[in-house]
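Within every chain, numbering begins at 1; the chains are lettered A, B, ... in the order of the sequence lines, protein sequences first and strands thereafter.
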Amino acid sequence: MRKGQITIQAIVFLIIGLLLGAAIGYFIAPKPTGDIDALQKELEDKEAQLQQIQAQLQDALSQLENLKQGKTITIKVWAIGPDPPSEYRFLNFKLAAEVLNEMLRDLGSNVTIEIEGQFFARPIEWEQYRQNFYQSFAAGEAPDVYLTGHEDIGYLAENNFIIPLDDYIDKYWDLIYYDIFPTLWKSVEYKGQKWAVPQDTEARPLYFRKDVLRQLGWSEEEINALPEKIKNGEFTLQDLLEVAKQAVDAGLVERGILHRVKEGYDYLQFYLAYGGSLWNPQTGKMVFNTTAWELTLNWFYDAVYEYGVISPNQFSGDWDADFHGPFTEGRALFLSGGTWHKGEWIQKGLLTEEEFKEVVGYALHPAARPGGKPVTLSHPLVYTITTQAKERGLDEIAFVLVTLVTLPTFNSKHAVQSAHLAITRSQVMETQYSQDWFLQDVAYMLEYTTFIPNHPDWGKYSRIVFNALRAVETGDMTPSEALNYMINEMQAQIGDSVEFVE
Amino acid sequence: MSGESIWQKEITGEDIKRFFQFLFGALKDVFINLYNKFYDYGSQIISRYGSKMAIFFFLIPSLGFISIFYFLPFVLTFLIGLTSMDFTFQWNWVGIQNYIRIINDSFAPKILGNTFFYVFTTLSFFNVGMALVVSLITNHIPDEVGSAVRGIWLLPRITPSTVYALLWLWAARRESNALINWFLGLLGIPPIDWMLNHPWVIVILVNGFVGTSFGMIVFTAALKSIPEDYYRAARVDGASTWEIIRYIEIPMIKWPLLFVTAYQTLSLLTSFEYILILTDGGPGLYTTEVWSLYSYHVAFRSYGGTVEIGYGAALATVLVIIGIILSIIYWKVFKFEEMMSEPKIEV
Amino acid sequence: MKAFGEKIGIGLAVAILTIPVLILYVYLFLISVSEDMIGIIPTGFTWENWIEVLDGEIPVAGATFYKYPNIYQVALNTFFLAVMIALLEVILSSLAGYSLSRFKFRGRSQLLTTILILHAFPGITLLIALFFILVQIGLYNTLIGVILVKVALELPLGIWIMKGFFDGISWDMEMSALVDGCSRLGAWWRVIMPNVRNGLMAVLIFGFLSGWAEFIYAQTFIAEQSFWTFSMLVYAFTIGEYSYIKPGITAAIALLYMIPVILFFLFAQKYLLRIQLIGKGGA
């Protein structure tokens, strides 16, 4: 009895000691302030540019009511990768705040802007990020600036999560917004208003392994001509299956075609290639094209069960073991990915720039029929200002920060490190960006791109489609069962928001 | 942590002892002091308002907690289940539409089947089966060895769920040099992608290893209470160990068997922690999704940003009702009220 | 000869029963100190993973500045959560247990019945409603919120344990100590404490361990990385991508996380057994 007590006490104290040690360790550990300092240095080179901006901003800033009392203003920003190289989506705000603080000092204001918040990255995925946002909004702790996919705007606007930004954008139009590609503005519109500022965009190429094609007996010219052939509709989805099958049959690769392993929007490209459309701008409703969906489901079924080029469990895979790994190691021929994947491969050290040039090619997603139009999908991420920022009276300052990070100086840091595409015309000229050959190379794809609809019920549409496709791949449903499932669920859950066409 | 001077004098056992004495002494003082205040306050209340009020003083904190985080959620789960609530937290009443949707849900039959399969298999192989095996074997080997073995079976239960699931996920990786496949390789069996092709095996193994200890302890306690005479008589009659198990031990632990089965059914029916970590309901389409996990997914997870708290709550209500019914049945069947004898002396 | 055969038999039985449980922990340790593993055989010994973990900052491949939450911050969060849960549970359950054991009042047996039924009831089914409540009272995304929920869900068990221990002390004992001229504090310290100490310890340890290991509630009610606990960190690394985080690092973190558990396992098994018997079993 007595002995037992002593040992218990000993354990308790050991644990306390351990944790005290941990606590001390934490407090004496150097704080990572050096990072920001280094970045600031980089920015000093751009001083001339920034001074110009300052002159333009001066009037606007001096009008801001809450900049007149001296205090620290904290702006909360949430951004997500989920690929870690996209960290500048958040970091740029810290940099912009430094710049803004300097401007404020020059203006004689004693206000300091501080950025808090978080950059969310893998292992946190979109689901968790969005869940966190909605939950913290409900708890009154929403960030002031929230980065999200443009397709959320319908839902966010409809349910009063975010504020319309037309007035703000008009006010700062001459600063940078005049320069944003007009198509991108379309992605942030809902019910005739602009609800967000585009942050970046991308194209989703079909990557292919040149070395595998060489082994299949393709000549260098044929390989280099493939993107062009796809662009002209001479290489179709059917050809894709055939080539992938040849490579698998010849034992050159383990898998013919890889696609993403988690829920996403990439597979909509196949539906679009089959002539489907996602929404009708006239009625504002989403579109369900029965024929196109049937063909898409059949294509996936064939790919898995007739040709054996897609793994039946691709949607349950691991990002590394079933997506990045097999492709970068040459164990797969095609990969339906996004421009940012190139950034990930380089940053993670899976491929070097030289290796990438040597063995990887990229093209649009092929058309369904000869002569048809190839496709890609763009999914601009956008900065929104929450209604809670407005309640806190921070909407204007938050918007000034968003404006600053939209400047090419800041945005190109993100675009180059993470291989996303430019959002402004002048950015294309900007040195950091224009030196990146890959981004220059894929720029043409934007002519073939589509956005997904900004509809409040888009999430449900997407979830139903995903379930059906996944069920076809795993063999849980035949294509016709899956089609019926889709139609039934669409009618039951979001019947009022969807138009059915043949 | 530089400061070399600390290390110049060698620390002896005496120092450590003194340190602990000091620490413990200080803590004891604080504790006694607190208790003293407490006692003063309590007796003040008693002397001022009588012992009736004292009861409240003692009980109210706990009752408050239980009301806010137990009773209120009961009611709320049911009420939210009647709405189409999402993260805007609007009470859009939809009546029993969610329940109609459960009946028409294309995946509900599969998920229900999964749930029964999971509960039944885990229960029979591990929570009862393995528990019985461990307690019987350890009862027939020298006691100090036996209790050490039983102690080891406690480990999975007290290991944090995330760590324990991680251990198995690593052991079951698809590579040929991962633990399980490596052992199979020694036997000449080609590597298997466990999580992809046999996810249920891992899910049930993990839950089973964690769940074994409860039954093991209950059964061992029952076995230890079998009078020594029974064994002696059996041995005199020339009974083998197997016959002792079959004709003496098993019949004597019928009641604990029933208890463990009943108790663990409810616990397995509602817990989804390990499945969430191991497979998240996958691979493929709801392959290992159980009812409680489905409710969690519906209410909290969505790629496109639309979550259905209302529907999730309706799914959870089904479990809450099953939970209440089973809890009351246990209370009746296992005569919990016998444990609640009136206090011998009144205040 | 028979004795020898018996010993072999016992040894075999023990091996079969314990190796499947123990080997995984050995595996975890070996992963943390080796460069690679072939089955259970480590290749290339290294402390690198431990050094990196104890440094606190874990870098993210592919990102220049973004880092995972500091290990020490995570340790403090976990410790705070576990200690608060344990203390609150001990205080509340001994108060309630004492009154249920010592006072007679109307509704007492109904209350006991309710507590017993709640004890059997799986609180996890209330997750959605609990989330709703925390959001409404502004405790979402705080450790306090997780603590309160956890304490409430484990109170029925704690109250039941403590009531049992108070029942075990005869009133005569308490009275006679007082009559003998002990101060009431003396009576408490010498008479009551030794008798309920085991109960307090059991509740304390149970509270600490369950708080230390808490996963689902933390995962559901916490949004930001600055409040992460070990369970969330390990989970994140479990489902994360291998090329972002080395298994050795994850193993070292998992072992760090296991330290209190191992200590309790080695030195406080009798309490663990008690907790098992009265606590909720199963997965």
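No more than 12 heavy-atom neighbours from other residues, nucleotides or ligands sit within 6.0 angstrom of CZ on C:Phe29.
Residue B:Phe126: no heavy atom, backbone or side chain, is found under 4.5 Å from chain C. In this structure, the portions of B:Ser62 lying under 4.5 Å from any heavy atom of chain C include both its backbone and its side chain. If you measure heavy-atom distances from C:Ile159 to chain B, the contacts under 4.5 Å come from the side chain alone. Contacts of B:Ile80 with chain C are made by side-chain atoms alone, with heavy-atom separations under 4.5 Å and no backbone atom involved. C:Ser94 does not touch chain B: none of its heavy atoms, backbone or side chain, sits under 4.5 Å away. Both the backbone and the side chain of C:Leu148 come within contact range of chain B, each with at least one heavy atom under 4.5 Å from a heavy atom of that chain. Looking at C:Met258, only its side chain comes within 4.5 Å of chain B, counting heavy atoms on both sides. The contact between B:Leu276 and chain C is made by backbone and side chain atoms together, counting heavy-atom distances below 4.5 Å. In this structure, chain B has no heavy atom under 4.5 Å from any part of C:Glu214. Interface remark: C:Tyr27 contributes side-chain atoms only to the contact with chain B (heavy atom separation under 4.5 Å). Heavy atoms closer than 4.5 Å to chain C are found in both the backbone and the side chain of B:Ser295. Only the side chain of C:Leu111 comes within contact range of chain B, judged by heavy atoms closer than 4.5 Å. Contact of C:Ile31 with chain B is made through the side chain alone, with heavy-atom distances under 4.5 Å. For B:Val145, the part lying near chain C is the side chain, with the backbone staying farther off; criterion is any non-hydrogen pair under 4.5 Å. Heavy-atom distances place both the backbone and the side chain of C:Ala254 under 4.5 Å from chain B. Only the side chain of C:Leu155 comes within contact range of chain B, judged by heavy atoms closer than 4.5 Å.
B:Trp153 places a side-chain N or O within 3.5 Å of a backbone atom of C:Leu17 that can act as its donor or acceptor partner.
With contacts defined as side-chain heavy-atom distances shorter than 4.5 Å, the pair B:Pro160/C:Phe215 does not qualify. Side chains of C:Leu127 and B:Phe300 form a contact here, defined as non-hydrogen atoms less than 4.5 Å apart. The side-chain heavy atoms of B:Ile309 and C:Ile128, taken from C-beta on, include a pair separated by under 4.5 Å. Side-chain contact between B:Ser292 and C:Ile124 is absent, with no heavy-atom pair separated by less than 4.5 Å.
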Between B:Tyr70 and C:Thr114, is the side-chain contact (heavy atoms from CB on, under 4.5 Å) condition met? List the steps. CA-CA 11 Å; B:Tyr70 248 122; C:Thr114 314; over 6 Å; no
side-chain contact (heavy atoms from CB on, under 4.5 Å) between C:Val149 and B:Phe65, intermediate numbers included: CA-CA 8 Å; C:Val149 166; B:Phe65 264 84; over 6 Å; no
Check step by step if side-chain contact (heavy atoms from CB on, under 4.5 Å) holds for B:Leu72 and C:Phe132. CA-CA 11 Å; B:Leu72 190 57; C:Phe132 182 86; over 6 Å; no
Any chance you could lay out the ring-ring contact (aromatic ring centres under 6.0 Å, His included) test for B:Tyr296 and C:Phe131, step after step, and finish with the verdict? CA-CA 11 Å; B:Tyr296 179 85; C:Phe131 163 69; over 10 Å; no
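Minimum interatomic distance between C:Ala251 and B:Trp170 (heavy atoms only, all atoms of both residues): N-CH2, 3.6 Å. Of all the heavy atoms in C:Phe121 and B:Val320, the pair that sits closest is CE1-O, 3.5 Å. For C:Leu92 against B:Pro61, the heavy-atom pair with the smallest separation is CD2-CB, 3.2 Å. Residues C:Leu126 and B:Phe69 come closest through the heavy atom pair CD1-O, 4.4 Å. The heavy-atom pair separating C:Leu24 from B:Leu167 by the smallest distance is O-CD2, 3.6 Å. The shortest non-hydrogen separation linking B:Thr159 to C:Tyr25 is OG1-OH, 2.6 Å.
The CD1 atom of C:Ile38 lies 13.0 Å from the CG atom of B:Leu179; values are rounded to the nearest 0.5 Å. Put simply, OG1 on C:Thr238 and CD1 on B:Ile277 are 7.5 Å apart, with the number rounded to the nearest 0.5 Å. Of the inter-residue distances, the one linking B:Phe272 atom CZ with C:Thr125 atom OG1 reads 9.5 Å to the nearest 0.5 angstrom. Atoms CD1 and NE2, on C:Ile10 and B:His140 in that order, are 11.5 Å from each other to the nearest 0.5 Å. For the atom pair B:Asn177 CG and C:Asp36 CG, the distance stands at 6.0 Å (nearest 0.5 Å). One distance of note links OG1 of B:Thr162 with CD1 of C:Ile216; it measures 10.5 Å at 0.5 Å rounding.
Contact tally against chain C (heavy-atom pairs below 4.5 Å) for B:Leu155, B:Ile328, B:Ile137: the top residue is B:Leu155. Note: B:Ile152 leads B:Leu186, B:Ile324, B:Ile152 in heavy-atom pairs under 4.5 Å with chain C. Across B:Thr317, B:Leu269, B:Thr77, the residue that shares the most heavy-atom pairs under 4.5 angstrom with chain C is B:Thr77. If you tally non-hydrogen atom pairs under 4.5 Å between each of B:Ala171, B:Gly151, B:Ala299, B:Ala316 and chain C, the highest count goes to B:Gly151. Highest contact tally toward chain B, considering only C:Gly158, C:Ala129, C:Ser93, is held by C:Ala129 [criterion: heavy-atom pairs under 4.5 Å]. Among B:Phe209, B:Phe89, B:Tyr164, the residue with the largest count of heavy-atom pairs under 4.5 Å with chain C is B:Phe89.
In the model, B:Ser161 has no side-chain atom that pairs as donor or acceptor with a side-chain atom of C:Tyr235 under 3.5 Å.
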